[in-house]
Amino acid sequence: MSRVARKGVSLRWVVLGVAVVVLLLAGVVSRFADSDPDGLTRVSQDHGFAHTEKGRDGLLGDYGSRTGVLGVLIVLGLAGGVTYAVRRRHPQDEQS
Amino acid sequence: MHVPDGFLDAPTSAATGAVAVAVVGVALVKARRELDDRTAPMAGLVAAFIFAVQMLNFPVGAGTSGHLIGGALAAVLVGPWTGVLCVSVVLLVQALLFADGGITALGTNIVLMAITTVLVGWVVFRLLQLVLPKRLSLTPAQAGVGAFVSVPLAASVFVVLYALGGTADIPFDTLLTAMFGVHTLIGIGEGVITGLAVGAIIAVRPDLVYGARPVLVQRELVIKKSVVG
């Protein structure tokens, strides 16, 4: 496995590339998201149980470019922190 | 498919909450085996990617939209147990900060979108990997099929939960037909996005894709044999 790992783009560039894509998706592409109700919401409207929803306001409000990017950073920190804390530690893999 | 507060009664929500806590607890222990210094940096990014793409609703016709759930994607990229953790973090942030999915419904949403989609997506993916030729080029499509199947199945689990503890009286068959139908369409989008994302990482660093490792090991053995022979 470790020999395969040496080929190709370095992990740092992959991480950076994915991070840029994620920020562009949350900050820019999200403006073009379809605003129609999603599958479950639509089914609840069509079959008369949408009114049983107990709605509330989120702390950050709705998804927008700014709140989306903020959400991305919070998820990145939380998920990254949790998985970093529980990971295995292999000294021989550390330089990759 | 984010379930809001009020759709399911308190006992059902408490039960799914207990299941969610138990499975996430096991995942915290089991994820250790999946996460090494190469995959750990990817896990946070995968969760962030899923959060971002979940904002991108795509139309599925008849004034209805859908978005990626990401359970199958996470399972293939970073491993199933880590995948459960990634999607659970996404759902937690969505419920607390964006009111996307209820608070009492958080357990339900984790059961549906973090546990069911990871389980179904991973099992279908692995079965296809075992049955089909061991080729790296097949991995993205196998992940896509697993993702596609996971969405209508998660929707079906919601219908079962609704039959057990729904707060309105909706006939089981009616709800199943409606939920399964629209989520099969949404599943197509799930499959396409999952296939493209897995394909993109495989193109640059196949060893970073947890689900591709069995195929990579196989490939390495073949290379070594030909060198010796």
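Source: prediction; values computed, not measured. Within every chain, numbering begins at 1; the chains are lettered A, B, ... in the order of the sequence lines, protein sequences first and strands thereafter.
If you measure heavy-atom distances from Arg56(A) to chain B, the contacts under 4.5 Å come from both the backbone and the side chain. Within the 4.5 angstrom heavy-atom criterion, only side-chain atoms of Val43(A), from C-beta onward, approach chain B. If you measure heavy-atom distances from Val29(A) to chain B, the contacts under 4.5 Å come from both the backbone and the side chain. If you measure heavy-atom distances from Thr82(B) to chain A, the contacts under 4.5 Å come from the side chain alone. Proximity to chain A involves both the backbone and the side chain of Val3(B), based on heavy atoms less than 4.5 angstrom apart.
Most heavy-atom pairs under 4.5 Å with chain A, from the set Ala40(B), Gly63(B), Ala168(B): that is Gly63(B). Comparing Leu78(A), Asp62(A), Val18(A), Leu60(A) by how many heavy-atom pairs each has under 4.5 Å with chain B, the most go to Leu60(A). Put simply, of Arg33(B), Met42(B), His67(B), the one with the most heavy-atom pairs under 4.5 Å next to chain A is Arg33(B). Note on Gly44(B), Ala48(B), Ser65(B), Ala203(B): by heavy-atom pairs under 4.5 Å with chain A, the leading option is Ser65(B). Among Gly80(A), Ala79(A), Gly81(A), the residue making the largest number of heavy-atom pairs under 4.5 Å with chain B is Ala79(A). Most heavy-atom pairs under 4.5 Å with chain A: of the set Gly181(B), Pro41(B), Pro171(B), Ala62(B), this distinction falls to Ala62(B). With chain A as the partner, the residue from Gly66(B), Ala43(B), Pro59(B) showing the most heavy-atom pairs under 4.5 Å is Pro59(B). Chosen from Met55(B), Glu34(B), His2(B), Gln54(B), the residue pairing most often with chain A at heavy-atom distances under 4.5 Å is Met55(B). Interface summary for chain B: among Leu73(A), Asp57(A), Thr67(A), Val69(A), the most heavy-atom pairs under 4.5 angstrom belong to Thr67(A). When each of Ala33(A), Gly17(A), Pro37(A), Ala19(A) is checked for heavy-atom pairs under 4.5 Å with chain B, Pro37(A) comes out on top.
When all heavy atoms of Leu25(A) and Ala52(B) are compared, the closest pair comes out as CB-CB, 4.1 Å. Annotation for His47(A) and Ile170(B): closest pair O-CD1, 3.2 Å, computed over non-hydrogen atoms. Across all non-hydrogen atoms, the minimal contact from Phe7(B) to Ser44(A) is CZ-CB, 3.6 Å. Minimum interatomic distance between Val86(A) and Ala31(B) (heavy atoms only, all atoms of both residues): CG2-CB, 4.4 Å. Residue Leu40(A) comes nearest to His183(B) through the heavy atom pair N-CE1, 3.8 Å, listed as atom of the first residue, atom of the second, then distance. Minimum interatomic distance between Leu76(A) and Leu45(B) (heavy atoms only, all atoms of both residues): CD1-N, 3.7 Å.
When the heavy atoms of residues 94-107 of chain B are compared with those of chain A, the residues falling under 4.5 Å are Gln94(B), Ala95(B), Leu96(B), Leu97(B), Phe98(B), Ala99(B), Asp100(B), Gly101(B), Gly102(B), Ile103(B), listed by number.
A donor-acceptor contact shorter than 3.5 Å is absent between the side chain of Arg87(A) and the backbone of Leu35(B). For Asp38(A) (side chain) and Met1(B) (main-chain N/O), a donor-acceptor pair under 3.5 Å exists by modelled atom type.
Interatomic distance, CG of Leu56(B) versus OG of Ser30(A), reported as 6.5 Å (0.5 Å rounding). How far CG of Asp5(B) is from CD of Glu53(A): 8.5 Å, rounded to the nearest 0.5 Å.
Two residues are said to be in side-chain contact when any heavy atoms from C-beta on lie closer than 4.5 Å; Val78(B) and Thr83(A) fail this criterion. Side-chain contact check for Asp36(A) versus Asn57(B): every heavy-atom pair is 4.5 Å or farther apart. Taking 4.5 Å as the limit, some side-chain heavy atom of Leu11(A) sits within range of a side-chain heavy atom of Arg205(B).
Ring planes of Tyr63(A) and Phe51(B): perpendicular class, angle over 60° (limits at 30 and 60°).
In this structure, Phe172(B) places its CZ atom where more than 12 heavy-atom neighbours from other residues, nucleotides or ligands lie under 6.0 Å away.
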